[in-house]
**Student:** 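Can you read through this structure? Questions will come right after.
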Amino acid sequence: MGKTEDIVRRIEDMYNSHAENIYYFLLARLRSKQDAEEVLQNVFLKIADMNERVFTIKEPKQYLFKAARNEAVNFAIAGKNRRKDTSLEELWFEPVDKSVSRDEARGLEKAVLNLPEDQSTVIVLKIYRGFTFEEIAVAMDIPPNTAASKYRYALENLKKALDPQGE
Amino acid sequence: MEKQLARMKLKKADTGLKAKILSQVRERVKGETLLDNRSFIRGFWATASAVFMFLCVVSINMNNSYEHFMIKEYHACGDIECKMEIIAMSGINSSMVSPVVRDALKMDKERL
């Protein structure tokens, strides 16, 4: 088997294992589907540029999240971020069944989007991607205790936003 | 609050995204260089080595043929000038280095 096929297969394996989680991680950070897709694409194209050095990546999950974080920062610095135009225009969430109304989904999405970036990222990874606090810590490059406290603050803030009279 | 959040799910990413990214990755990796291809490199060096060895064999054979031709010409010579000319030619020709030929010519030269 040729070297190029080995490299492509390795990158495909990395994509199949981690791309979906990274996409939602980027979505939570960048607040735009187009931006998240573009940054995800940039991450994998940079990995493709590594050629045979792709085999030196020992912890693909850690590596990919770090690359995604850096790429998201570069993307924002370059001023390509479209979040202002589209953040509330598109629905990230959909109801799990018919018992949840579209308005409720939209209200919840708005509340999550209004959270600070780190808190909404923790919510997405913890509740919707099933990450543990250790895994969130790796993804966001923060200590696990910090991830747990950000999650707690996020839930408190969401509660306040969705039920202001309950305070 | 967690229960309320769990009543929602994230929308699936664009289904064409994976195919799009992976096709670009494939293009980028394969488009790097032909020298990345191990089978091409192996084939290239095998062919180059075979050609080099073939040229060596041809060169040795041509040299041997030339030596035999010169010896034949030498023995065919009828007069001393002709023989001296052959010896002079073989003396300046670097291909005439075979010890057997050299000794034969030397002995004949001494005899003459």
**Student:** Quick one: closest heavy-atom pair of B:Val25 and A:Leu45, and the distance?
**Tutor:** N-CD2, 4.0 Å
**Student:** Using only atom types and a distance under 3.5 Å, with no angle test, would you say the side chain of A:Tyr23 pairs donor to acceptor with the backbone of B:Lys12?
**Tutor:** no
**Student:** Is it the backbone or the side chain of A:Val112 that comes under 4.5 Å from a heavy atom of chain B, or both, or neither?
**Tutor:** side chain
**Student:** Working to the nearest 0.5 angstrom, can you tell me the gap between A:Thr4 OG1 and B:Arg28 CZ?
**Tutor:** 15.5 Å
**Student:** State whether the number of non-hydrogen atoms from other residues, nucleotides or ligands found under 6.0 Å of A:Phe55 atom CZ is greater than 12.
**Tutor:** yes
**Student:** Looking only at non-hydrogen atoms, find the nearest pair between A:Leu108 and B:Gln4 and report the distance.
**Tutor:** CD2-O, 4.0 Å
**Student:** Using every non-hydrogen atom in the two residues, find where B:Leu10 and A:Arg129 come nearest and quote the distance to one decimal.
**Tutor:** CD1-CD, 4.1 Å
**Student:** For B:Met62, does the CE atom sit with more than 12 other heavy atoms under 6.0 Å from it, leaving out its own atoms?
**Tutor:** no
**Student:** Applying a strict under-4.5 Å side-chain criterion to I, L, V, M, F, W and Y, I'd like to know whether A:Leu30 and A:Leu113 cluster together.
**Tutor:** yes
**Student:** List the residues meeting ring-ring contact (aromatic ring centres under 6.0 Å, His included) with A:Phe44, not counting sequence neighbours, and say none if there are none.
**Tutor:** A:Tyr15
**Student:** Ion pair present between B:Arg26 and A:Glu12, side-chain N to carboxylate O less than 4.0 angstrom?
**Tutor:** yes
**Student:** Name the region of A:Ile127, side chain, backbone, both or neither, that has any atom closer than 4.5 Å to a heavy atom of chain B.
**Tutor:** side chain
**Student:** Considering residues at least two apart in sequence or located in another chain, which fulfil the ring-ring contact (aromatic ring centres under 6.0 Å, His included) criterion with A:Tyr63?
**Tutor:** none
**Student:** Using non-hydrogen atoms and a 4.5 Å limit, figure out which bit of B:Leu5 sits close to chain A: side chain, backbone, both or neither.
**Tutor:** both
**Student:** Which bit of A:Ile123 comes within less than 4.5 Å of chain B, counting heavy atoms only: side chain, backbone, both or neither?
**Tutor:** side chain
**Student:** Determine, for A:Glu20 against B:Lys18, whether the closest basic-nitrogen to carboxylate-oxygen distance falls under 4.0 angstrom.
**Tutor:** no
**Student:** In Å and rounded to the nearest 0.5 Å, what is the CG to NZ distance from B:Leu17 to A:Lys33?
**Tutor:** 10.5 Å
**Student:** With clusters defined by side-chain heavy atoms of hydrophobic residues (ILVMFWY) lying less than 4.5 Å apart, directly or transitively, does A:Tyr153 cluster with A:Tyr128?
**Tutor:** no
**Student:** Report the distance from atom CG of B:Leu22 to atom CG of A:Asn16, rounding to the nearest 0.5 Å.
**Tutor:** 7.0 Å
**Student:** Verify the cluster assignment for A:Val138 and A:Ile22: are they in a single hydrophobic cluster under the rule of side-chain heavy atoms below 4.5 Å apart?
**Tutor:** no
**Student:** Taking NZ in A:Lys61 as the centre, count heavy atoms belonging to other residues, nucleotides or ligands within less than 6.0 Å. Is the count above 12?
**Tutor:** yes
